Amino acid sequence: MSEVKLVASTRTEFGKGAARRIRRDAKVPGVLYGHGSDPLHLTLPGHELLLALRTPNVLISLDIDGKTNELAIPKSVQRDPIKGFLEHVDLQLVQRGEKVNVEIFVHTEGELAPGGNLLEHVLNALPVEAEATHIPESVTVSVEGLTAGDSVLAKDIPLPSGTKLGVDGETVVLQVLAAQAEEPSEESAEGEASAEA
């Protein structure tokens with residue numbers, strides 16, 4: 001689990017105009033909330049935040065106005081739908097040793113049994129409970145030799161120590177589907193019939 005340090009400042013201006021001014025300065029407006037405290041409105045460095053968010057469930061150490069240090073994890077990230085830049089971020093306040101609920105990506109390794117079967121990711125991310133400073137980035141599952149009809153349940157996925165499932169163990173995460181045979185189109189069927197005549 002990586003920890004990224006960011007310098008943030010509190011903000012007192014709100015609304016679209018203030019948010020645009022913040023983004024024009026290559027910064028991102030955000031809100032820090034949690035532990036029953038009032039939400040704290042922040043301005044965060046845009047480029048550094050963008051790099052930090054490339055790591056799933058990154059732990060962010062915030063230096064706020066040079067006065068306080070807080071730990072947080074990203075909970076909601078809004079991006080511009082066309083240009084992709086960060087528009088706003090919600091951060092959840094966490095403490096060392098605290099358990100948090102997050103989703104971790106499920107990666108697969110290995111080859112399915114021969115026969116053109118298809119692997120369906122029923123869940124792309126697995127809900128888990130982990131210690132805030134030890135959130136795994138992802139889990140890897142072997143699909144070696146699985147055939148049509150086989151599935152991988154949440155309870156079958158090996159989790160790092162200290163991490164617990166956040167869903168029922170019987171939840172299907174991956175399943176193998178039989179490849180669908182294509183039915184001949186009407187045109188090719190007619191073509192074959194006229195060739196025989």
Side-chain angles (χ1 to χ4, degrees), residues 1-11 14 18-109 121-141 154 157-167 171 173-174:
M1 172 91 223
S2 58
E3 184 174 321
V4 176
K5 294 185 187 305
L6 294 179
V7 176
S9 57
T10 53
R11 62 186 167 101
F14 307 102
R20 279 193 203 106
R21 282 192 293 280
I22 290 169
R23 288 192 283 272
R24 244 192 322 262
D25 291 339
K27 298 188 179 194
V28 178
V31 176
L32 176 67
Y33 63 89
H35 294 170
S37 60
D38 290 335
L40 185 61
H41 298 271
L42 302 172
T43 299
L44 300 146
H47 183 68
E48 291 90 337
L49 180 62
L50 186 65
L51 293 175
L53 292 175
R54 288 184 177 171
T55 303
N57 297 316
V58 64
L59 183 65
I60 299 173
S61 175
L62 293 169
D63 176 354
I64 303 171
D65 296 328
K67 298 174 186 171
T68 58
N69 286 306
E70 301 286 2
L71 289 176
I73 56 174
K75 285 314 261 183
S76 173
V77 178
Q78 295 171 17
R79 295 178 188 270
D80 181 272
I82 297 168
K83 297 181 182 174
F85 63 82
L86 296 174
E87 289 190 328
H88 189 273
V89 65
D90 285 351
L91 302 170
Q92 180 182 342
L93 197 58
V94 295
Q95 294 175 339
R96 295 188 190 280
E98 176 185 3
K99 298 279 189 181
V100 293
N101 293 309
V102 295
E103 291 187 342
I104 56 175
F105 291 110
V106 178
H107 297 291
T108 59
E109 64 181 9
H121 287 253
V122 179
L123 292 179
N124 287 320
L126 185 65
V128 296
E129 180 186 79
E131 201 263 305
T133 55
H134 293 92
I135 299 171
E137 288 184 20
S138 63
V139 288
T140 302
V141 180
I157 297 177
L159 296 174
S161 67
T163 304
K164 292 181 186 174
L165 279 177
V167 292
T171 302
V173 179
L174 303 165

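Nothing here was measured: the structure is a model prediction, and the numbers come from that model.
- Put simply, CG on Leu6 and CD1 on Ile64 are 10.5 Å apart, with the number rounded to the nearest 0.5 Å.
- Contact check for Ile157 versus Leu165: no side-chain heavy atoms found under the 4.5 Å cut-off.
- One finds the NZ atom of Lys164 at 12.5 Å from the CD atom of Glu131 (value rounded to the nearest 0.5 Å).
- In this structure, Lys75 places its NZ atom where more than 12 heavy-atom neighbours from other residues, nucleotides or ligands lie under 6.0 Å away.
- With a 4.5 Å cut-off on side-chain heavy atoms, Leu59 and Ile135 do not count as touching.
- Here the closest non-hydrogen pair linking Glu137 and Thr55 is OE2-CG2, 3.4 Å.
- With a 4.5 Å cut-off on side-chain heavy atoms, Asp63 and Asn69 count as touching.
- Nearest approach of Ala8 to Leu44, heavy atoms of both residues: CB-CD2, 3.6 Å.
- The side-chain heavy atoms of Pro74 and Val58, taken from C-beta on, include a pair separated by under 4.5 Å.
- Here the side chain of Glu129 pairs no donor or acceptor atom with the backbone of Gly166 at under 3.5 angstrom.
- His88 has its side chain within reach of Val31: a pair of non-hydrogen atoms, C-beta onward, lies under 4.5 Å apart.
- Checked against Leu62 for a side chain to side chain contact (heavy atoms under 4.5 Å, CB included), the options Val7, Leu71, Leu40, Leu91 give a single hit: Leu91.
- No more than 12 heavy-atom neighbours from other residues, nucleotides or ligands sit within 6.0 angstrom of CZ on Phe105.
- Distance check, rounded to the nearest 0.5 Å: NE2 of His134 to NZ of Lys99 gives 10.5 Å.
- Here the CG atom belonging to Leu32 is positioned 11.5 Å from the CG atom belonging to Asp38, to the nearest 0.5 angstrom.
- The distance from the CZ atom of Arg79 to the CG atom of Leu53 is 6.5 Å, given to the nearest 0.5 Å.
- Looking only at distances, a side-chain donor or acceptor of Asp65 sits under 3.5 Å from a matching main-chain atom of Thr10.
- With values rounded to the nearest 0.5 angstrom, Thr140 atom OG1 is found 6.0 Å from Glu109 atom CD.
- Side-chain contact between Val106 and Val141: present, with at least one pair of heavy atoms (C-beta onward) separated by less than 4.5 Å.
- The closest side-chain heavy-atom distance from Thr163 to Val139 is not below 4.5 Å.
- Put simply, the side chain of Thr108 reaches to within 4.5 Å of the side chain of His121, judged on heavy atoms.
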